[in-house]
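In this chain, residues are counted from 1 in sequence order. Since we're looking at a predicted model, the values are computed, not measured.
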Amino acid sequence: MKSTARGQSYGVKGAPYAHPSPTATLERARSAPYLFLVPATVLFALFFALPIGYALWLSFRKVKVSGLGLGSGARKEVWAGLENYTDALSDSELLHGALRVLGYGCIVVPVMLGLALLFALMLDSEKVRLAPVTRLAIFLPYAIPGVVAALLWGFLYLPDVSPFYYVLDRLGMPQPDLLDGGPLYLALSNIAVWGGTGFNMIVIYTSLQAIPAEVYEAAKLDGATPTQIALRIKIPMVAPSLVLTFFFSIIATLQVYNEPTTLKPLTNSVSTTWSPLMKVYRDAFGEGDIYGAAAQAVIIAFATLLLSFGFLRAVNRRQKQEDAR
């Protein structure tokens, strides 16, 4: 392309070159962001929205059996309405699984977040040594897959192969069975705390690093001790990160599946319906009731959404009240 003295542009073969109009350029610029969103939208629709919609559809269906259920047309899928939801809500096994998960969460969430906050404050201290190595060591368990971590701790809990039981036996101390009864909650909670503390610590520690150094200097000039700085400055300023980690921890607790499923072959105390998701899996793939399992999955998802929304709304309301003061 070349230009003449009057500013007219020509192509390679001498034909006039038409510049795009400002309107076309503006429309192209406006459509560009949507083109970048297409891959993510397609993946979201295929692997998230479509499965949810299919589960909703199945939850309102059931199989009607005619006669002995033999021959073509003897079993057909029909509309069930709210029947699957009524059966799920009246199922005692699902309720007991929810109560077990509630007790499990009462142990995991406060202990995990408490340790994450403590480690983050310690790493943010000026007197800490080898901070990068320590930070990596605390975060490393999170990089281990949940099934591998559950297997690792499961064998450490077994009296016949655990080195801890061998040491206790040599010392003449009692050897508690951590895979039976009440200690089972502690054993499962320990796996979750061990694996999730590092991730939450990194989130809180990152927020601590974002606090301006001038805030600490002003507090030191006022005579504040490191403990007072941590309690009155650091913790309040990382409150949004604490809310975020608490939010994620609630969701992870309601969806617990890997730990009890992995430990199930090692003990008779873990049933196939120990958690709600385990019951969904058993009903869908063990008993072939995909319609009832779909209704249970929808109920679990709705309960998770309701608790998460309620928690975030309560936090926002409290934040508005504090801002009004």
Side-chain angles (χ1 to χ4, degrees), residues 48 52 55 88-89 91-120 138-139 141-154 157 178-179 181-204 239-264 267 269-282 293 296-315:
F48 191 80
I52 290 178
L89 293 175
D91 193 339
S92 60
E93 290 185 339
L94 185 64
L95 177 60
H96 293 160
L99 293 177
R100 282 190 287 266
V101 168
L102 179 61
Y104 166 83
C106 290
I107 300 174
V108 171
V109 175
V111 174
M112 181 170 59
L113 296 185
L115 289 175
L117 178 60
L118 177 62
F119 291 149
I138 298 174
F139 178 78
Y142 178 75
I144 300 176
V147 176
V148 176
L151 282 174
L152 171 65
W153 282 101
Y157 293 149
L178 297 177
L179 296 178
L184 177 63
Y185 286 86
L186 299 177
L188 290 170
S189 301
N190 175 67
I191 300 174
V193 171
W194 182 77
T197 300
F199 171 79
N200 295 301
M201 181 271 297
I202 290 295
V203 174
I204 300 173
S241 296
L242 294 176
V243 171
L244 179 66
T245 53
F246 187 82
F247 176 73
F248 287 154
S249 299
I250 290 178
I251 296 177
T253 299
L254 294 175
Q255 298 178 354
V256 60
Y257 177 82
N258 288 336
E259 293 83 358
T261 302
T262 306
L263 292 183
K264 184 182 177 301
T267 176
S269 298
V270 180
S271 63
T272 55
T273 59
W274 193 89
S275 71
L277 283 186
M278 292 179 66
K279 186 179 186 306
V280 171
Y281 182 86
R282 188 206 65 175
Q296 296 174 28
V298 172
I299 292 175
I300 295 172
F302 180 75
T304 304
L305 178 64
L306 186 63
L307 289 176
S308 303
F309 178 77
F311 171 71
L312 292 178
R313 186 172 182 179
V315 170

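Taking the side chain as every heavy atom from C-beta outward, L178 and L186 never approach each other to under 4.5 Å.
Under a cut-off of 6.0 angstrom, the local environment of OH in Y281 is sparse, with at most 12 non-hydrogen atoms contributed by other residues, nucleotides or ligands. Open room surrounds OH on Y142; 12 or fewer heavy atoms of other groups in view lie less than 6.0 Å from it.
Under the side-chain contact (heavy atoms from CB on, under 4.5 Å) criterion, L179 pairs with Y157, L158, D177, L184, L263, L266, T267, not counting sequence neighbours. For F309, the side-chain contact (heavy atoms from CB on, under 4.5 Å) criterion is met by R313, not counting sequence neighbours. Legend: residues meeting side-chain contact (heavy atoms from CB on, under 4.5 Å) with I144, ordered by chain and number and at least two apart, are V148, A149, W194. For L115, the side-chain contact (heavy atoms from CB on, under 4.5 Å) criterion is met by V111, F119, V193, T197, not counting sequence neighbours.
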Could you pull out every donor-acceptor pair under 3.5 Å between side chains of residues 301-308 and any protein atom, sequence neighbours left out?
unit_1: T304; atom_1: OG1; unit_2: I300; atom_2: O; d: 2.8
unit_1: S308; atom_1: OG; unit_2: T304; atom_2: O; d: 2.7

Tabulate below the donor-acceptor pairs under 3.5 Å that side-chain atoms of residues 97-106 make, not counting sequence neighbours, or state none.
unit_1: R100; atom_1: NE; unit_2: W274; atom_2: O; d: 2.9
unit_1: R100; atom_1: NH2; unit_2: T273; atom_2: O; d: 2.9

Which atom pairs, one a donor and one an acceptor, fall under 3.5 Å between side chains of residues 240-256 and the rest of the protein, sequence neighbours left out?
unit_1: S241; atom_1: OG; unit_2: S207; atom_2: OG; d: 2.2
unit_1: T245; atom_1: OG1; unit_2: S241; atom_2: O; d: 3.0
unit_1: T245; atom_1: OG1; unit_2: L242; atom_2: O; d: 2.9
unit_1: S249; atom_1: OG; unit_2: T245; atom_2: O; d: 2.7
unit_1: T253; atom_1: OG1; unit_2: S249; atom_2: O; d: 2.7

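Taking NZ of K279 as the reference point, atom CG of L95 lies at 11.0 Å (rounded to 0.5 Å). In this structure, CG in L277 is found 13.5 Å from CZ in R282, a value given to the nearest 0.5 Å. Rounding to the nearest 0.5 angstrom, the gap separating the CE atom in M278 from the OG atom in S271 is 6.5 Å.
What you find for I204 and A120 is that their closest heavy atoms are CG2-CB, 3.8 Å. In plain terms, the two heavy atoms of K264 and V270 that are nearest each other are CG-O, 3.4 Å. The heavy-atom pair separating A297 from V280 by the smallest distance is N-CG2, 4.1 Å. Between F139 and I202 the shortest heavy-atom distance is CD1-CG1, 3.5 Å.
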